[in-house]
Amino acid sequence: MERRVRVRFAPSPTGPLHIGGVRTALYNYLFARQHGGDMILRIEDTDSTRFVPGAEEYINEALQWLGIGIDEGVREGGNYGPYKQSERRDLYRKYTQQLIDAGKAYYAFDTPEELEAKRQEIKNFQYDARTRGMMRNSLSLPADEVKALMDSGAKWVVRFRIEPDQDVVVHDLLRGDVTINSSILDDKVLYKSADDLPTYHLANIVDDHLMEVSHVIRGEEWLPSAPLHVLLYQAFGWEDTMPAFVHLPLLLKPDGKGKLSKRDGDRLGFPVFPLDWTDPKSGERSSGYREAGYLPQAVVNFLALLGWNPGDDREIFSMDELIKEFSIDHCSRKGAKFDFEKGKWFNHEYLMNIDDHELAQLFKPVLEQHGVNLADYSDEYIASAVGLVKSRANFVSDLWNQADFFFQRPTSYSEKDIRKRWKPETPELMRQLAGLLDNADMDDVEDTENLVMNWIDSNGYHKGNVMNAFRLTVVGECRGPHMFEITRLLGREETLARLDAGIKNIQAPAQDA
RNA sequence: GGAGAUAUCGUCUAGCGGUCUAGGACGCCGCCCUCUCACGGCGGAAACCAGGGUUCGAGUCCCUGUUUCUCUACCA
């Protein structure tokens, strides 16, 4: 019988969710949905010193915004809880004890200072089969001394006892079999005294096993410790149900070297987090994709294609299409440099294709930011305005720069365009145009256009000069959609008022030499 | 230093021994459309890390080197 597909996304609540983490969550989600399986969200808060208030809520909100659904988790519940590691202490104690009883783990009493001293003393010091005899632990010390130490309340940790010189094979669905020798592994700390909690490694294996996780899809940074995890499954006797591994490549800096970091976003001017975040301690602010005007579908599409491809030339995918098409086979094994320009393009594509009324709703807050009283405009008006300019914008916030003139009269006129299009005879032409439009049916774009074009042709005027001067009075500069689409939306009264204001206020450039 | 991973246009990538004079997309450049700016259409510049093999034939397989990335904590 096929094993049910169960995957997990397991972030630490140590700050805002990094965009690379978002991609890992997305791939897990796609994989789960595709196989009709379960997506688990597990909070890995086993480092009490790095806990950041609000981080867990941030993770939930970010995933929800992106449409990455969770089947089991702290909020969602489920039959395998608790889903927060700090609430599973009893489990970890029990399984740690099991390893100790089986002789596969041991107590170590070395203080951080002692360990540091050893590292100074011996080049490439590693706590392992070769060196543990010279350290203070339950393997090297006499039993009565160990007991005395424990009874006296001395601090201890539990370390995994790794047998040297064993070839450990990690089956990775993306990279094939990765073999490494156990001698290069150290006796990892499984349980730490600092906060009476397990380390990632122990908690991870115990939880994945207990939660019946079938596939571990995580970042490449875990590949070097994957052999340790395999060894842990073996130590517990859980090899038969050990999950399959997929180690995804990392997201890299757009330029230079190394993996993508918050600093890069600040430096290059793009968000590295899904949502805005203010660090509760330092007060430091980080910008997010949502607040930067990105559409969640665009972020999902962009992220999906950063490390995965459908095998053909298609690039635009809805979440449902991604669920259908995603496959590990078509994932890249190479780290991907984060290409912000491509991200902008994705957003542009989605912005252009979104329904005008839907886009209008997203645009309203931006309008208010710019002091527009929404009560002055109908939803229909805003939707039309947005529909006319959306092909020119990358972000919702860009819409303002493109559509501002639909909500306010020009406050100034572009000097560059005046120089090019506002000739001495222009005011007279504009007066004639105003007279012409006074009788036009402005609601019909084609009629208005025919009327004006005929007037231009029959008088032998220059179309470009007339139209651009007209545009200058209405928009303030030479930009924007089709002129008669603009006038249709503004209406005759407003159009004529702007023509009038333009004639009065635009000063032709001095006829200097 | 050690270990592992990795390697096609500037970037994301297609390619799974012949169909590759290497395809698509972003970005860049040019042309067309045009009252402006976009959108759209057309076109252009731009890549198989290096050296050895295997093979009738290698971007595709093998080896070596190199590159880049990650890991090397009582962090995840």
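All of these numbers come straight from a predicted model, not from anything done at the bench. The chains referred to below are lettered A, B, ... by the order of the sequence lines, with proteins before strands, and numbering in each begins at 1.
- Within residues 475-482 of chain A, the residues having any heavy atom under 4.0 Å from RNA chain B are, by residue number, A:Cys478, A:Arg479, A:Gly480, A:Pro481, A:His482.
- Rounded to whole angstrom, the span from the CG atom of A:Leu202 across to the C1' atom of B:C75 amounts to 15 Å.
- Straight-line distance from the CG atom of A:Asp255 to the C1' atom of B:G10: 12 Å, rounded to whole Å.
- Side chain of A:Gln126 to main chain of A:Ser183: a donor-acceptor pair is present (N/O by atom type, distance under 3.5 Å, no hydrogens or angles).
- Within the 3.5 Å criterion, the main-chain N or O of A:Thr131 finds a donor-acceptor partner in the side chain of A:Asp128.
- Between A:Lys334 and B:U8 there is a side-chain polar atom (N or O) within less than 4.0 angstrom of OP1 or OP2.
- Look at A:Asn309 and you'll find a side-chain N or O under 4.0 angstrom from OP1 or OP2 of B:A14.
- In this entry the distance linking CD1 of A:Ile184 with P of B:A5 reads 10 Å, nearest Å.
- Judged by a 6.0 Å distance limit and a 45° cone about the ring axis, A:Arg93 is not positioned over the six-membered ring of A:Tyr191.
- Among the atoms of the strands shown, none is found under 4.0 Å from any heavy atom of A:Asp128.
- Using a 4.0 Å heavy-atom cutoff across all strands shown, A:Arg333 reaches sugar-phosphate atoms only and no base atom.
- Contact check, A:His229 against B:C71: no side-chain N or O comes under 4.0 Å of OP1 or OP2.
- Using the six-membered ring where Trp is involved, A:Phe340 and A:Phe270 have ring planes that are parallel, under 30° apart on the 30 and 60° scheme.
- Between A:Arg314 atom CZ and B:G24 atom P the separation is 17 Å, expressed in whole Å.
- Residue contacts shown for A:Gly307 are limited to sugar-phosphate atoms, with no base heavy atom under 4.0 Å away.
- Looking at A:Asn137, its side chain does come within 3.5 Å of a backbone N or O of A:Arg132 through a donor-acceptor pair.
- Within 4.0 Å of A:Thr46, counting heavy atoms only, lie sugar-phosphate atoms of the nucleic acid but no base atom.
- A donor-acceptor pair under 3.5 Å is formed between the side chain of A:Ser193 and the backbone N or O of A:Trp156.
- Counting non-hydrogen atoms under 4.0 angstrom, A:Lys155 reaches nothing in the nucleic acid.
- Atom CG of A:Leu306 is separated from atom C1' of B:U11 by 10 Å (rounded to the nearest Å).
- Nucleotide B:U68: paired with B:A5 (Watson-Crick or G-U wobble, both distances less than 3.5 Å).
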A:Asp47/A:Thr14 under side-chain contact (heavy atoms from CB on, under 4.5 Å): CA gap, chis, key distance, verdict: CA-CA 9 Å; A:Asp47 185 358; A:Thr14 54; 5.9 Å; no
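- Note: CD1 (A:Ile205) to P (B:A76) measures 13 Å, nearest angstrom.
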Could you go through nucleotides 47-49 of chain B and list every protein N or O atom that sits under 3.5 Å from one of its N or O atoms, giving the distance for each pair?
none

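- Applying the 4.0 Å criterion to OP1 and OP2 of B:U13, one finds that A:Lys337 has every side-chain N and O outside that range.
- Taking the six-membered ring where tryptophan is involved, the planes of A:His18 and A:Phe273 are perpendicular, since the angle between them exceeds 60° and thus also 30°.
- With contacts defined as side-chain heavy-atom distances shorter than 4.5 Å, the pair A:Glu325/A:His330 does not qualify.
- Counting to the nearest Å, the P atom of B:U36 and the CG atom of A:Asn401 are 21 Å from each other.
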Got a list of side-chain donor-acceptor pairs under 3.5 Å for residues 220-233 of chain A, not counting sequence neighbours?
| unit_1 | atom_1 | unit_2 | atom_2 | d |
| --- | --- | --- | --- | --- |
| A:Ser225 | OG | A:Trp222 | O | 3.2 |
| A:His229 | ND1 | A:Arg218 | NH2 | 3.0 |
| A:His229 | NE2 | A:His201 | ND1 | 2.8 |

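- Residue contacts for A:His18: at a heavy-atom cut-off of 4.0 Å it reaches no nucleic acid atom on any strand shown.
- At B:C75, none of the side-chain N or O atoms of A:Thr199 fall inside 4.0 Å of OP1 or OP2 (strictly under the cut-off).
- Using a 4.0 Å heavy-atom criterion, one finds that A:Val157 contacts the bases of the nucleic acid, with or without backbone contacts as well.
- Judged by distance alone with a 3.5 Å cut-off, a donor-acceptor contact links the side chain of A:Ser391 to the base of B:A38.
- In this structure, A:Glu221 atom CD and B:A5 atom P are separated by 16 Å, rounded to whole Å.
- Residue A:Ser332 places at least one side-chain N or O under 4.0 Å from the OP1 or OP2 atom of B:U13.
- Using a distance-only test at 3.5 Å, with no hydrogens or angles considered, no donor-acceptor pair links the side chain of A:Asp186 to the main chain of A:Tyr127.
- When the P atom is compared between B:U8 and B:C48, the two are found 11 Å apart, to the nearest whole Å.
- Atom CD1 of A:Ile316 and atom CD of A:Glu349 lie 5.0 Å apart (nearest 0.5 Å).
- Nucleic acid contact for A:Ala194: base, since at least one base atom lies under 4.0 Å from a heavy atom of the residue.
- Residue A:Arg50 places its side chain closer to B:A76 than to any other of B:C26, B:A76, B:C71.
- Side-chain atoms of A:Leu252 lie closest to B:C69 of the nucleotides B:G27, B:G24, B:C69.
- Residue contacts for A:His462: at a heavy-atom cut-off of 4.0 Å it reaches no nucleic acid atom on any strand shown.
- Applying the 4.0 Å criterion to OP1 and OP2 of B:U36, one finds that A:Lys416 has every side-chain N and O outside that range.
- Using a 4.0 Å heavy-atom cutoff across all strands shown, A:Arg119 reaches sugar-phosphate atoms only and no base atom.
- A:Arg421 has no side-chain polar atom (N or O) that falls below the 4.0 Å cut-off from OP1 or OP2 of B:C35.
- Listed nucleotides B:C26, B:C35, B:C74 differ in distance to A:Asn468; the shortest reach to its side chain belongs to B:C35.
- Base contact: A:Asn124 has a heavy atom under 4.0 Å from a base atom.
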Contacts table for residues 297-308 of chain A: side-chain donor-acceptor under 3.5 angstrom, sequence neighbours left out:
| unit_1 | atom_1 | unit_2 | atom_2 | d |
| --- | --- | --- | --- | --- |
| A:Asn301 | OD1 | A:Phe317 | N | 2.8 |
| A:Asn301 | OD1 | A:Tyr350 | OH | 2.5 |
| A:Asn301 | ND2 | A:Glu315 | O | 3.0 |
| A:Trp308 | NE1 | A:Ser327 | O | 3.4 |

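- For A:Asp339, the listed nucleotide lying nearest its side chain is B:U11; candidates were B:C12, B:C69, B:U11.
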All N/O donor-acceptor pairs, side-chain side in residues 395-407 of chain A, below 3.5 Å, sequence neighbours left out:
| unit_1 | atom_1 | unit_2 | atom_2 | d |
| --- | --- | --- | --- | --- |
| A:Asp398 | OD2 | A:Asn394 | N | 3.0 |
| A:Asp398 | OD2 | A:Phe395 | N | 3.1 |
| A:Trp400 | NE1 | A:His370 | NE2 | 3.3 |
| A:Asp404 | OD1 | A:Arg479 | NH1 | 3.4 |
| A:Asp404 | OD1 | A:Arg479 | NH2 | 3.0 |
| A:Asp404 | OD2 | A:Arg479 | NH2 | 3.1 |

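- Between A:Asp186 and A:Tyr200, it is A:Asp186 whose nearest contact on RNA chain B lies nearer the 5' terminus.
- No more than 12 heavy atoms of other residues, nucleotides or ligands shown are found within 6.0 angstrom of NZ on A:Lys420.
- B:A47 and B:C12: their C1' atoms are spaced 13 Å apart (whole Å).
- Between the side chain of A:Lys188 and the base of B:A73 there is no donor-acceptor pair of N/O atoms closer than 3.5 Å.
- Non-hydrogen atoms lying under 4.0 Å from RNA chain B are contributed by A:Arg175, all within residues 166-176 of chain A.
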